[in-house]
Amino acid sequence: MKAEGNCPGLAVIIVGSDPASQVYVRNKCKDCTEIGIYSEEYALPEETSQEELCALVQKLNEDKKISGILVQLPLPKHLDEKAVINTINPKKDVDAFHPANVGKIMIGDYDFLPCTPAGVMELIKEAHVEVSGKKCVVVGRSNIVGKPQAMLLLHSNGTVTICHSKTKNLADECRSADILVAAVGKTKMITADMVKPGAVVIDVGMNHDENGKLCGDVDFEHVKDIASAITPVPGGVGPMTRAILMKNTVKAAIINK
Ligand code: GUN
């Protein structure tokens, strides 16, 4: 693509100094360098205004070197996340967060899939786990993971249940799952008694335990002996999210050529 003058380029914007977000953004730019994708990182101060942020996004929408734009979430409280995402050109929206892309995913006619849910599907595929006809339970209903994850499992003909904080009998729902995806953000909330023997368990959580160690939503040590397959944290879904972002950026360069 470089030889054809169409080098993929990713712009990553971070506002403020959330330490976890800073690590994610640094890793995204590192991945770009490693595989030959051009990248620009914009680290904006906490007090950046809505107008300044949207003006930067608009400038990047017009920039021929930039095929993909990613605004790291969450944004500081005074900024309107929805309005910022709406400003991104949908053809450069490598997170697939713009409502136009969310709608396209719903009807199965999309350019980009959201990075984490698509990474989970890739893990399932590579592990030769059949989704069709299986009972899939997604715990968590965020716009970034839970909701699109449920949609992708549905596209693969899974029978999908979404659980959340108001779900009655969460343990029973989880125990009914052949494929269990945990995306809540609560350390060790999925315990061994909530997992059906032989189930496939995918942990999207990124939490810190009482010792400050990175851990997921699943009590890995106890669940690993019950599940037929399980993803660890770190080293499970996280690297897949990063890989799909690279894939989306290459696709964006092809689309925007
Ligand atoms: N914050 C947590 N996950 C993500 C992600 O996938 N993309 C962006 N832009 N922000 C995030």
Side-chain angles (χ1 to χ4, degrees), residues 9-32 37 39-44 46 48 53-54 56-57 60-61 66-77 79-102 105 110-123 138 140-152 181-186 202-208 214-217 231 233-234 236-249 251-252:
L10 177 67
V12 183
I13 305 173
I14 177 171
V15 185
S17 54
D18 175 61
S21 292
Q22 284 176 328
V23 173
Y24 298 151
V25 165
R26 200 178 318 136
N27 285 335
K28 287 167 186 178
C29 292
K30 221 163 71 185
D31 291 339
C32 287
I37 290 180
S39 70
E40 292 178 359
E41 183 183 335
Y42 294 86
L44 307 181
E46 181 84 25
T48 300
L53 180 54
C54 288
L56 173 59
V57 171
L60 295 167
N61 281 341
I66 299 301
S67 3
I69 302 168
L70 181 148
V71 179
Q72 187 65 29
L73 303 180
L75 289 170
K77 292 259 177 304
L79 294 170
D80 180 351
E81 258 174 32
K82 275 190 203 156
V84 174
I85 290 167
N86 271 315
T87 309
I88 301 173
N89 175 354
K91 289 198 166 353
K92 294 192 175 189
D93 172 34
V94 284
D95 264 327
F97 290 169
H98 190 288
N101 288 324
V102 176
I105 291 160
Y110 46 79
D111 296 317
F112 306 113
L113 289 176
C115 301
T116 298
V120 168
M121 297 311 290
E122 199 68 36
L123 282 169
V138 178
R141 54 171 155 180
S142 70
N143 290 328
I144 294 184
V145 183
K147 280 190 240 175
Q149 188 69 69
M151 194 52 62
L152 300 193
V181 181
V184 176
K186 224 159 132 189
I202 295 157
D203 192 349
V204 182
M206 287 276 237
N207 316 305
H208 293 276
L214 185 63
C215 64
D217 291 347
T231 66
V233 178
V237 173
M240 294 306 297
T241 298
R242 291 164 59 179
I244 301 291
L245 176 64
M246 297 299 104
K247 181 177 169 179
N248 284 351
T249 305
K251 185 153 193 207

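Numbering of ligands and ligand atoms starts at 1, following listing order. Every value quoted in this text rests on a predicted model; they were computed, and no experiment measured them.
A distance-only check finds no donor-acceptor pair linking the side chain of N101 to the backbone of F97 [under 3.5 Å]. Checking side-chain atoms of D203 against main-chain N and O of D217 turns up a donor-acceptor pair under 3.5 Å.
Protein heavy atom nearest atom 1 (N) of ligand 1, with residue, atom name and distance: L73 O, 2.9 Å. At the shortest separation from atom 8 (C) of ligand 1 among protein heavy atoms lies D95 OD2, 3.4 Å.
Interface atoms of ligand 1 facing V71, defined by a heavy-atom separation under 4.0 Å, are 8 (C), 9 (N).
Between T249 and S39 there is no side-chain heavy-atom pair separated by less than 4.5 Å.
A 6.0 Å sphere centred on OH of Y42 holds more than 12 heavy atoms belonging to other residues, nucleotides or ligands.
Backbone and side-chain nitrogen or oxygen atoms of Q72 are examined, and one is located within less than 3.5 angstrom of a nitrogen or oxygen of ligand 1. Of the N or O atoms in Y24, none lie within a sub-3.5 Å distance of an N or O in ligand 1.
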Full working for side-chain contact (heavy atoms from CB on, under 4.5 Å) between V15 and V71 = CA-CA 8 Å; V15 185; V71 179; 5.5 Å; no

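Residue-level proximity to ligand 1 for L70 is carried by the side chain, the only part with a heavy atom below 4.0 angstrom.
Atom CE in M246 sits 5.0 Å away from atom CG in D31 (nearest 0.5 Å).
For the ligand labelled ligand 1, residue F97 lies inside the 4.0 Å heavy-atom shell.
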